[in-house]
Amino acid sequence: MTSLISPMPELAERIEREGIVQGNEILKIDHFLNHRIEPGFMQRMAREIAARLRQFKPDMILTAEASGIAPGLMVALELDIPMVYGKKYHPDVEIPALSRKIPSPTKGGEVKMVVSQKYLTSGLRVAIVDDFLSNGRTAAALVDITKEAGCTPVAAAFLVAKSFKQGHKLMEAAGVPVVTLAKVEALVDGKAILSKA
Ligand SMILES: O=P(O)(O)OC[C@H]1O[C@H](OP(=O)(O)OP(=O)(O)O)[C@H](O)[C@@H]1O
């Protein structure tokens, strides 16, 4: 049986073959993950995520704009459940809703991520989906928002997870199982080193 973190061969091979590694921190695969998107490939990844999430019986997918929307929507379609995304505002905007301030890894600075209370009705089982797990601040904010709304974060799924960053630990501390299709253990000498198991 496929584990929650078994690599998806097609994704792992493309990361190894096509990923552009900058220093020890940055892996660029935006030509198929989150800038240019290949619908068929995104659908295959979403099917794999959905197959792993089904056992958690989620009622809703929660993601974050912008790059989480494509995978989040396609996973929600596979599971035939709604998707809600956290909207990002300038940190000073005052909004009467569930919100957390988070850093934006790709854009720099901070944003306020907001989810309307009316879409997170108490008691829902929520699966978080995003393109990348890095330091985990985005996913941790989504977990916090979910709990504050009286819902249960049942799992957090990522197409790609950088296991050398803090995100895994944050999810573990929050007691939320992690699902991923590619675990990047390190970025060394221009290459992405992927976990094989
Ligand atoms: O685990 P973390 O350290 O939080 O990093 C992961 C987040 O970083 C990116 O979002 P970002 O805000 O950079 O870009 P986006 O607005 O294009 O989604 C990505 O889409 C994840 O949401």
Who pairs with Lys147 by side-chain contact (heavy atoms from CB on, under 4.5 Å), at least two apart in sequence or on another chain?
Val143, Pro153, Ala174
Within a radius of less than 6.0 Å around CD of Glu172, do more than 12 heavy atoms belonging to other residues, nucleotides or ligands occur?
no
Pro82 meets the side-chain contact (heavy atoms from CB on, under 4.5 Å) criterion, sequence neighbours left out, with none
Salt bridge (Lys or Arg N to Asp or Glu O under 4.0 Å) contacts touching residues 155-168 (sequence neighbours left out):
Glu25-Lys165
Under the rule for side-chain contact (heavy atoms from CB on, under 4.5 Å), what residues qualify as partners of His31, not counting sequence neighbours?
Arg14, Glu18
If you apply the rule side-chain contact (heavy atoms from CB on, under 4.5 Å), what do you find for Leu4 with Phe56, and how did you get there?
CA-CA 11 Å; Leu4 297 181; Phe56 297 104; 4.0 Å; yes
Report the residues that fulfil salt bridge (charged side-chain N to carboxylate O under 4.0 Å, His left out) with Arg54, sequence neighbours left out, ordered by chain and then residue number.
none
Ser6 side chain vs Thr2 backbone, donor-acceptor pair below 3.5 Å
no
Residues two or more places apart in sequence or in another chain: which of them pass side-chain hydrogen bond (donor to acceptor under 3.5 Å, both in side chains) with Lys196?
Glu16
Ring pair (Phe, Tyr, Trp, His ring centres under 6.0 Å) filter on Phe41, not counting sequence neighbours, yields Phe32
Output for pair (Leu11 CG, Ile15 CD1), nearest 0.5 Å, gives 4.0 Å
Not counting sequence neighbours, which residues clear side-chain contact (heavy atoms from CB on, under 4.5 Å) with Ser163? List them please.
His168, Lys183, Glu185
Remaining members of the apolar cluster that contains Val188, side-chain heavy atoms under 4.5 Å:
Ile193
Distance-only check: which donor-acceptor pairs under 3.5 Å involve side-chain atoms of residues 65-73, not counting sequence neighbours?
from	atom 1	to	atom 2	distance (Å)
Glu65	OE2	Lys88	N	2.6

Each residue besides Ile95 in its hydrophobic cluster should be listed here, by chain and number; the cluster joins Ile, Leu, Val, Met, Phe, Trp and Tyr at side-chain heavy-atom distances under 4.5 Å.
Tyr89, Val93, Val114
Identify, with sequence neighbours excluded, every residue that meets side-chain hydrogen bond (donor to acceptor under 3.5 Å, both in side chains) alongside Arg44.
Glu10
